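One structure is given below, encoded as structure tokens.
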Amino acid sequence: MSNNIKYWKGEEELNRDPQFLADQKREFGEALPLEQALSDEGFELNSNRRDFLKYFGFSVTAVALASCYKTNVRHAVPYLVKPEEVTPGVANYYRSTCGGCSVGCGVEVKVREGRPIKLDGSRDSVISKGGLCATGQASILSLYDTERLAHPLMKNQEVEDWSTVDGEIKSKLAVMKATGKKVVLLSNSINSPSTLRAIASFKEAYSNVEHISYDAVSYSGMLDANEKDFGKRAVPHYRFDNAKAIVSFGADFLGTWISPVEFQADYAKHRRPDVEGGMSVHIQFESTLSMTGTNADHRFPMQASKELAYVGTLYNYLAKAKGLAQIPVPNNAELAGNSIEKAANLLLKNAGKSLVISGSNNPEVQQVINAVNMLLESYNSTIDMVNHSNQFNGSDAAVQGAFEGLSKGSIAGVIFYGTNPVFNHNKEWAAAIAKAKLSISFASTKDETAAVCQYVAPDNHFLESWSDAEPVNGVIHFTQPTIAPVFNTRQAQESLLNWAGALPSTENDPLANKGILTQKTDASSYYLFVRNYWEGILGAAGFQKALEL
């Protein structure tokens with residue numbers, strides 16, 4: 001069967017535009033600067049121009065000569081005073097925390113001659129365990145991204161002087177505080193203790209500010225369910241290394257769900273036939289093929305819209321076996337081959353070492369999952385609610401309330417930190433932001449949300465920053481700069497403290513105007529804030545030791 005479909009390069013070819021037809025007969029779309037090239041100073045021919053073109057052919061020489069232009073000369077200047085820790089050609093390695101997402105994996109940063117060039121997971125981190133996801137690996141590219149904002153913006157215009165931006169923002173915040181106008185700080189999930197303290201200082205200075213956490217990929221359903229069932233709005237810390245039987249309903253825990261780098265390492269411990277106690281068994285129920293599904297022992301397709309009925313059926317099998325009351329579910333809530341019943345039997349055989357999870361954002365589904373794990377005695381074994389995860393804490397209801405407040409005018413100001421709701425949702429957010437009397441973004445690029453904000457105070461890259469992280473309760477990571485700021489940017493935390501008038505002074509500080517680790521720069525005010533915070537908890541010696549780990 002012949003294909004009679006014809007394609008055109010554009011409307012010009014379709015309409016047979018005269019200019020297009022004329023250009024088709026030309027070998028080069030633009031006029032070649034032959035006269036200029038052949039007459040440039042320093043370019044000499046032993047034969048005349050006519051013989052040159054005659055013997056070598058116009059088309060070949062035209063391409064060669066068109067590319068013969070002089071480039072700028074760049075000189076390699078050696079160090080006048082070489083930093084003690086830098087040896088040209090020899091890399092240094094520094095511990096830090098990945099800022100690619102809110103998971104907070106510990107990383108090792110490979111630095112060559114003052115420039116980070118590679119990220120790898122830290123083997124001593126209980127989160128990364130030597131691994132790092134694709135997002136973390138690629139996050140180093142954003143450090144050198146030419147699309148990063150080089151200066152703060154005021155009404156889409158670059159301003160080199162930060163004091164100008166600070167003055168206007170402080171003035172507007174003061175007016176809103178005096179008039180009682182509400183301001184919302186909409187951030188991604190933050191697990192940095194010092195950053196949360198900086199936000200608290202900002203709220204102390206401006207009592208009309210409310211902090212709301214927002215996750216583009218939401219776990220609000222799980223958080224709400226745990227708050228109802230346990231009185232603690234937190235994501236559990238899942239211990240796949242303790243699980244002998246794993247049943248997942250749509251949770252891609254090896255690919256994208258909560259903390260995949262950590263889960264991959266824990267999951268792999270019992271996925272070998274020669275492991276002590278026998279290999280774990282994994283059953284995956286999901287609507288689309290995922291990385292986790294491809295690694296499961298048994299994978300069963302399910303309709304995501306019927307997940308509540310499926311997890312309810314699993315609960316009833318377990319409850320019936322234990323002589324407990326069942327919950328109402330549709331009669332057809334079973335999958336091919338009575339797979340849910342078989343999963344229930346597997347879980348009962350491994351009670352106390354079983355784990356059931358769901359990727360649903362429906363609080364009802366998550367409450368049934370909680371009840372299933374209670375029957376299986378999974379808490380304090382494969383599920384830890386004491387040392388819970390801090391990696392996600394967003395609230396869908398609070399974010400929706402912020403959107404409605406902006407739309408109706410009850411919220412007069414909004415500050416975006418690590419969030420881009422205009423991209424994640426729709427243009428209605430852009431219209432709502434336009435109604436605000438004050439709108440600020442800490443975006444490092446002019447993203448969709450920053451483009452509609454009055455002010456953009458670009459944040460430093462995490463490889464340029466001081467910070468900390470507590471991804472799991474009791475697990476602390478520190479973030480240290482491995483390069484001086486590439487552009488005229490400033491840490492978002494420092495901006496908040498500046499506007500709140502809570503920046504610690506560097507005057508008379510022993511570290512001011514001294515080199516800190518790899519950087520021969522002045523001690524930043526936010527470094528002093530982080531140091532003061534942790535010295536108050538660990539002491540000066542304890543904080544210094546923690547940085548060296």
Side-chain angles (χ1 to χ4, degrees), residues 97-105 133-139 141-142 145 147 184-192 195-196 199 210-225 233-235 250-263 288 290-291 304 358-363 365-366 389-407 411 414-433 439-453 456 458-459 461-462 469 471 492:
T97 307
C98 181
C101 66
S102 61
V103 172
C105 291
C133 68
T135 301
Q137 292 281 357
S139 63
L141 300 177
S142 58
D145 186 4
E147 296 298 318
V184 166
L185 171 60
L186 190 68
S187 77
N188 61 332
S189 288
I190 294 175
N191 54 46
S192 163
T195 301
L196 292 173
I199 292 173
E210 179 184 5
H211 177 212
I212 296 176
S213 294
Y214 162 69
D215 297 314
V217 178
S218 178
Y219 293 86
S220 185
M222 180 188 295
L223 292 162
D224 293 342
R233 196 172 192 279
V235 172
D252 184 17
F253 60 87
L254 297 180
T256 58
W257 193 69
I258 301 181
S259 187
V261 174
E262 175 190 4
F263 296 159
T288 57
S290 68
M291 182 184 294
S358 169
S360 173
N361 197 35
N362 184 339
V365 172
Q366 293 295 344
S389 167
N390 297 316
Q391 292 157 326
F392 296 94
N393 49 50
S395 170
D396 290 349
V399 172
Q400 181 62 24
F403 168 70
E404 293 175 357
L406 284 169
S407 300
I411 295 176
V414 61
I415 304 172
F416 298 99
Y417 179 19
T419 58
N420 186 3
V422 176
F423 173 79
N424 296 329
H425 293 280
N426 48 47
K427 294 182 179 179
E428 292 180 1
W429 264 93
I433 296 169
S439 54
I440 307 169
S441 173
F442 289 126
S444 58
T445 61
K446 195 174 180 182
D447 60 26
E448 290 78 4
T449 301
V452 296
C453 286
V456 182
D459 191 9
H461 193 274
F462 71 89

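Values in this document were obtained by computation on a predicted structure and should not be read as measured data. Numbers here simply count residues along the sequence, with the first being 1.
Of the possible polar contacts, none joining the Q366 side chain to the L223 backbone as a donor-acceptor pair under 3.5 Å is found. Judged by distance alone, the side chain of T419 and the main-chain N or O of L186 form a donor-acceptor pair under 3.5 Å. Put simply, the side chain of D459 never gets that close to the backbone of F442: no donor and acceptor are under 3.5 Å apart.
For S189, the side-chain hydrogen bond (donor to acceptor under 3.5 Å, both in side chains) partners two or more places apart in sequence, or in a different chain, are D215, N393. A432 pairs by the side-chain contact (heavy atoms from CB on, under 4.5 Å) definition with F403, L406, S407, not counting sequence neighbours. Applying the side-chain hydrogen bond (donor to acceptor under 3.5 Å, both in side chains) criterion to S187, with sequence neighbours excluded, gives H211. With sequence neighbours left out, the salt bridge (Lys or Arg N to Asp or Glu O under 4.0 Å) criterion links E428 to no other residue. D396 pairs by the salt bridge (Lys or Arg N to Asp or Glu O under 4.0 Å) definition with nothing, not counting sequence neighbours. With sequence neighbours left out, S389 forms a side-chain contact (heavy atoms from CB on, under 4.5 Å) with V235, Q391. Residues passing the side-chain contact (heavy atoms from CB on, under 4.5 Å) test with V452, sequence neighbours excluded: V422, A430, I433. Annotation: ring pair (Phe, Tyr, Trp, His ring centres under 6.0 Å) contacts of F462 (sequence neighbours excluded): none. For the side-chain hydrogen bond (donor to acceptor under 3.5 Å, both in side chains) test, residues two or more places apart in sequence or in another chain that qualify with Q400 are E404. By the side-chain hydrogen bond (donor to acceptor under 3.5 Å, both in side chains) test, S142 is found to be paired with H461, residues two or more places apart in sequence or in another chain being considered. For Y214, the ring pair (Phe, Tyr, Trp, His ring centres under 6.0 Å) test picks out H425, with sequence neighbours left out. In this structure T97 satisfies the side-chain contact (heavy atoms from CB on, under 4.5 Å) test together with A469, H477, T479, sequence neighbours excluded.
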Any chance you could lay out the side-chain contact (heavy atoms from CB on, under 4.5 Å) test for Y417 and T195, step after step, and finish with the verdict? CA-CA 11 Å; Y417 179 19; T195 301; 4.1 Å; yes

Criterion side-chain contact (heavy atoms from CB on, under 4.5 Å) on S220 and R233, from CA distance to verdict: CA-CA 9 Å; S220 185; R233 196 172 192 279; 3.4 Å; yes

Applying side-chain contact (heavy atoms from CB on, under 4.5 Å) to V217 and T256, what does each step give before you reach the verdict? CA-CA 10 Å; V217 178; T256 58; over 6 Å; no

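Atoms CG and OG, on D224 and S218 in that order, are 8.0 Å from each other to the nearest 0.5 Å. A distance of 8.0 Å separates OG1 in T445 from CG in N420, rounded to the nearest 0.5 Å. In this structure, OG in S102 is found 10.5 Å from CD1 in I258, a value given to the nearest 0.5 Å. To the nearest 0.5 Å, atom CZ of residue F423 and atom OG1 of residue T449 are 10.0 Å apart.
Smallest separation of non-hydrogen atoms from G100 and S139: CA-CB, 4.3 Å. For I411 against G401, the heavy-atom pair with the smallest separation is CD1-O, 4.3 Å.
Between Y219 and F392, the angle of the ring planes lies from 30° to 60°, which puts this pair in the tilted group.
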